[in-house]
There are 2 protein chains.
Amino acid sequence: MSHQLRKHIEEVVALNDEEYAFVLSHFSKKAYRKHDFLIRRGEPVKYCYFVISGLLKLIYDDADGKQHIASFAMENWWESDFAAYFAQSKAQLSLQCIEDTHVLGISLENYNKLAADFSKMEHFFLKKSNAGHIASQKRILSFLTSSAKERYEQLLKEHPSLFQRLPKTLLASYLGVSRETLSRLSS
Amino acid sequence: MSHQLRKHIEEVVALNDEEYAFVLSHFSKKAYRKHDFLIRRGEPVKYCYFVISGLLKLIYDDADGKQHIASFAMENWWESDFAAYFAQSKAQLSLQCIEDTHVLGISLENYNKLAADFSKMEHFFLKKSNAGHIASQKRILSFLTSSAKERYEQLLKEHPSLFQRLPKTLLASYLGVSRETLSRLSS
DNA sequence: TTTAGTGTGTGACAAACATCACAGTTATGA
DNA sequence: TCATAACTGTGATGTTTGTCACACACTAAA
């Protein structure tokens, strides 16, 4: 259950029972149902979330009312509207459940405390942040260098499970093409 | 001169003279001329660079021989092929001078040492990494939500200096459109 | 069962963008 | 200074993708 966070952290730094209990005390556990919002555009962003189970979408609603998928978050992913979280400003993005979801949330105050009081965790956060940065750059490169069709095939190859778990509309929105175009790509 | 790094770090954490000298001892100073490569595709990535002066482009060469700009790096920016740097693998990207450039380079070994031995710097690196991650996500959103014209206007608004400093071919490549399309957008 | 909502494929057309070709200009180095 | 390369704009044309429209499941709730 919450072993999961421990296991996840221990991929980077080892923890004993006491240390893990200390870490865990900075998080609060929450459960949400399909369609619930964890973060809503325009509201303050209180938490950064570690996903224990379920599936989330991080979305941006544009001026025309269209919805764009900034990213998905599944088991063992960290997600938030990071810009608003770190700046303690209002959310520009929304975070919503695609499936029933369990998460551990950490407030910015606790994030900063934990990093300051326990250098192993500061180290862990740095590793995670660097990895996230690298993943984002990879996605940017895919927009620069690949056609919609190539991005589709790459996603199919790297995350085939998403194609069963998600409606095509959301995949299209993640890839940056219309639903109709995606449908034509798969044939 | 190398005050610049100190000033840059002190935007996040305060340093005394001794601490700064310690930090600086982990870097090596280098000068490059226009067209020189700091990182070449296929070769190991020894350093992460802090740009003191000049201008760099981080580029990806695709299979068709076309060049795509992953990012630019100007004064006070940190740049590398981070994926290859942290994994100590071969570069997939190249880093090349657009203008004569002075940098401070830090090896991964020194980066890790510095972070481990001096928690102020681990804190600094975490802040920088988070900021970089946020900037990347913003760029991803611009690809998802904006047309070429809108991306062009946004870049013009946020970094007008680049339009004097750079040939349009490179700007087009950064925005993900052809040179010709960019030219037609500006009219 | 009916009804409304959601998800999916496909045709017809329009808009955005890439590509190829060419010309004119400005840098740059021998 | 001259020769060459790099940079920029613009027309003609074709490809890719978006938009609108419609049809047909499939699901969930009354």
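Chain letters run A, B, ... following the sequence lines, proteins first, then strands; residues in each count from 1. Only a predicted model underlies this, so the values are computations on that prediction, with no experimental measurement involved. When reading the values below, keep in mind they use all heavy atoms of this one structure, side chains included, and skip hydrogens, waters and symmetry mates.
- Arg179(A) contributes no side-chain N or O that forms a donor-acceptor pair with the base of dG18(D) under 3.5 Å.
- Using a cut-off of 4.0 Å between Lys/Arg side-chain N and Asp/Glu carboxylate O, Asp17(B) and Arg6(B) are scored as salt-bridged.
- The side-chain tip of Arg41(A) does not point at the ring of Tyr60(A) from less than 6.0 angstrom away and within 45° of straight on.
- Between Gln67(A) atom CD and dT6(C) atom C1' there is a gap of 14 Å when expressed in whole angstrom units.
- Of all nucleotides listed (dT10(D), dT8(D), dG18(D)), dG18(D) comes nearest to the side chain of Val177(A).
- Residue side chain Glu180(B) reaches the base of dC20(C) through a donor-acceptor N/O pair under 3.5 Å, judged by distance alone.
- Rounded to an integer number of Å, the gap from Ile98(A) CD1 to dT6(C) P is 15 Å.
- Computed from coordinates, the Lys168(A) NZ to dG9(C) C1' distance equals 10 Å when rounded to whole Å.
- Here dT16(D) presents its P atom at 11 Å from CD of Glu150(A), a figure rounded to the nearest Å.
- Between Ser147(B) and dA16(C) there is no side-chain polar atom (N or O) within less than 4.0 angstrom of OP1 or OP2.
- Straight-line distance from the CG atom of Asp62(A) to the P atom of dG18(D): 13 Å, rounded to whole Å.
- Within the 4.0 angstrom heavy-atom criterion, base atoms lie near Ser178(A).
- Of the possible polar contacts, none joining the Tyr152(B) side chain to the Leu171(B) backbone as a donor-acceptor pair under 3.5 Å is found.
- Closest to the Ser183(B) side chain, of the nucleotides dG9(C), dT10(D), dA18(C), is dT10(D).
- A salt bridge is defined here as a Lys NZ or Arg NE, NH1 or NH2 lying under 4.0 Å from an Asp or Glu carboxylate O, and Glu158(B) with Arg139(B) fails to meet this definition.
- Along DNA chain C, the nucleotide nearest Lys34(B) and the nucleotide nearest Lys66(B) are compared for position; the residue whose nucleotide lies closer to the 5' end is Lys66(B).
- Nearest nucleotide to the side chain of Arg184(A), out of dT17(D), dA18(C), dG18(D): dG18(D).
- The CZ-P distance, from Arg33(B) to dT28(C), rounds to 13 Å in whole Å.
- Judged by the 6.0 Å and 45° rule, Lys30(A) forms a cation-pi pair with Tyr47(A).
- To the nearest angstrom, P of dC7(D) lies 16 Å from CZ of Arg165(B).
- At whole-Å resolution of the value, CG in Leu171(A) and P in dT8(C) are 9 Å apart.
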